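First the structure, in the form of structure tokens, and then the observations on it.
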Amino acid sequence: MVAKPHPLEKSARAIEAVLRKFTCFRGSDGLLIRENEWGHLDVVLGCHAFKDMSIVERQDAVWQFLRENVDSDDLAHLSRVQTLDLEEYDARVREV
């Protein structure tokens, strides 16, 4: 018998797949998904396309794409998405 994946793991995989489509993922783009202290998912997304966008534009674009492409049961596990350009991402990931 094959064990079913934990719902959080399933949601993380679904969200990761959609975000990779959102960015047309290139080797230079960055994506970090992890469980936070409250048992939800936090995402740090670094994308070259965010360089000239405001934080509001980045957030609106990502959340709209997620709502359109991720099942609501998986989206319910998502707590936060941090949207960064590549320089910001590199600095942030070094902190983690």
Side-chain angles (χ1 to χ4, degrees):
M1 179 195 247
V2 177
K4 290 185 177 182
H6 183 277
L8 202 57
E9 293 171 16
K10 176 192 163 293
S11 295
R13 284 195 306 273
I15 291 165
E16 178 181 7
V18 167
L19 288 175
R20 287 186 184 279
K21 289 178 187 174
F22 174 80
T23 62
C24 298
F25 205 75
R26 298 162 183 85
S28 62
D29 292 331
L31 179 60
L32 177 64
I33 301 175
R34 59 185 179 172
E35 183 177 355
N36 66 27
E37 60 208 41
W38 299 285
H40 296 285
L41 297 171
D42 286 341
V43 172
V44 180
L45 177 63
C47 181
H48 73 286
F50 291 153
K51 182 70 176 168
D52 296 321
M53 296 173 73
S54 73
I55 292 172
V56 172
E57 291 171 319
R58 296 172 187 184
Q59 288 289 309
D60 286 348
V62 171
W63 281 102
Q64 180 179 345
F65 195 80
L66 286 168
R67 284 190 298 272
E68 291 172 356
N69 294 285
V70 176
D71 184 87
S72 61
D73 289 339
D74 292 325
L75 205 53
H77 291 285
L78 186 55
S79 173
R80 178 175 75 138
V81 178
Q82 192 171 13
T83 51
L84 308 169
D85 67 34
L86 293 179
E87 290 176 12
E88 295 166 334
Y89 180 84
D90 288 342
R92 171 75 173 108
V93 169
R94 272 187 252 132
E95 294 173 4
V96 175

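We count residues from 1, following the sequence as given. These figures come from a predicted structure and were not determined experimentally.
Residues meeting the side-chain hydrogen bond (donor to acceptor under 3.5 Å, both in side chains) test with E37, sequence neighbours left out: none. In this view, E16 and R20 satisfy the salt bridge (charged side-chain N to carboxylate O under 4.0 Å, His left out) rule, not counting sequence neighbours. Remark: E35 pairs with no residue by the side-chain hydrogen bond (donor to acceptor under 3.5 Å, both in side chains) rule, at least two apart or across chains. Under the side chain to side chain contact (heavy atoms under 4.5 Å, CB included) criterion, D71 pairs with D73, D74, not counting sequence neighbours. Shown here are the side chain to side chain contact (heavy atoms under 4.5 Å, CB included) partners of D52, two or more places apart in sequence or in another chain: there are none. Taking the side chain to side chain contact (heavy atoms under 4.5 Å, CB included) definition, one finds that S54 meets it with V56, E57, sequence neighbours left out.
Nearest approach of T83 to E88, heavy atoms of both residues: O-OE1, 4.5 Å. The minimum heavy-atom distance between R92 and L84, with the atom names listed, is CB-CD1, 3.8 Å. Minimum heavy-atom separation, D85 to R58: N-NH1, 3.7 Å. The shortest non-hydrogen separation linking C47 to T23 is SG-CG2, 3.8 Å. The two residues D42 and S79 make their nearest non-hydrogen contact at OD1-CB, 3.5 Å.
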I'd like to know whether Y89 forms a side-chain contact (heavy atoms from CB on, under 4.5 Å) with L32, so could you lay out the CA-CA distance, the side-chain angles of the two residues, the decisive distance to 0.1 Å, and finally the verdict.
CA-CA 10 Å; Y89 180 84; L32 177 64; 4.0 Å; yes
From CA spacing to verdict: side-chain contact (heavy atoms from CB on, under 4.5 Å), N69, F22:
CA-CA 10 Å; N69 294 285; F22 174 80; over 6 Å; no
Do K51 and E87 pass the side-chain contact (heavy atoms from CB on, under 4.5 Å) test, and can you show the C-alpha distance, the side-chain angles, and the key distance before you say yes or no?
CA-CA 9 Å; K51 182 70 176 168; E87 290 176 12; 3.6 Å; yes
Give the C-alpha distance, both sets of side-chain angles, the deciding distance and a yes or no for side-chain contact (heavy atoms from CB on, under 4.5 Å) between W63 and L78.
CA-CA 11 Å; W63 281 102; L78 186 55; 3.6 Å; yes
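Taken from NE2 in H77 to CD in E9, the straight-line distance is 11.0 Å, to the nearest 0.5 Å. The structure places CG of L8 at 10.5 Å from CZ of R13, a figure rounded to the nearest 0.5 Å. The structure places CZ of R34 at 15.5 Å from NE2 of H40, a figure rounded to the nearest 0.5 Å.
Listed for the Q64 side chain is no donor-acceptor partner under 3.5 Å among the backbone atoms of A61.
Note on I55 and L31: separate hydrophobic clusters, where clusters join Ile, Leu, Val, Met, Phe, Trp and Tyr whose side-chain heavy atoms are under 4.5 Å apart, directly or indirectly.
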